[in-house]
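Reviewing the structure listed below.
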Amino acid sequence: MRDRLNPITTRRHLTYLARAFPPATTRDIAWWRIAGTVSQLRLIRALALGLTANLAEIGLVRVMERDRATADGGW
């Protein structure tokens, strides 16, 4: 079952979008424009974190496969 969204977090995100895209500028919010509102440092951090998490997951899967093969008698 999906958890309910935290209203404080939701308000913070909606406030950010309202400030980044005031109605006088545009009424449409395109995903490619949202990326332009994020600082370069924040973007680099997010990409580095995502890459690190993916590499860790790949390593964990390999370890689990190796352990399973060892437990199955080397197959």
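We're numbering straight along the sequence, starting at 1.
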Check: residues 54-66 side-chain donor-acceptor pairs under 3.5 Å, at least two apart:
unit_1 : atom_1 : unit_2 : atom_2 : d
Asn54  : ND2    : Gly50  : O      : 3.3

Just jot down the side-chain contact (heavy atoms from CB on, under 4.5 Å) partners of Thr15, sequence neighbours excluded, or say none. Arg11, Arg19
Check whether any side-chain heavy atom of Arg12 sits under 4.5 Å from a side-chain heavy atom of Ile8, and report yes or no. no
Leu51 atom CG: more than 12 heavy-atom contacts under 6.0 Å: yes
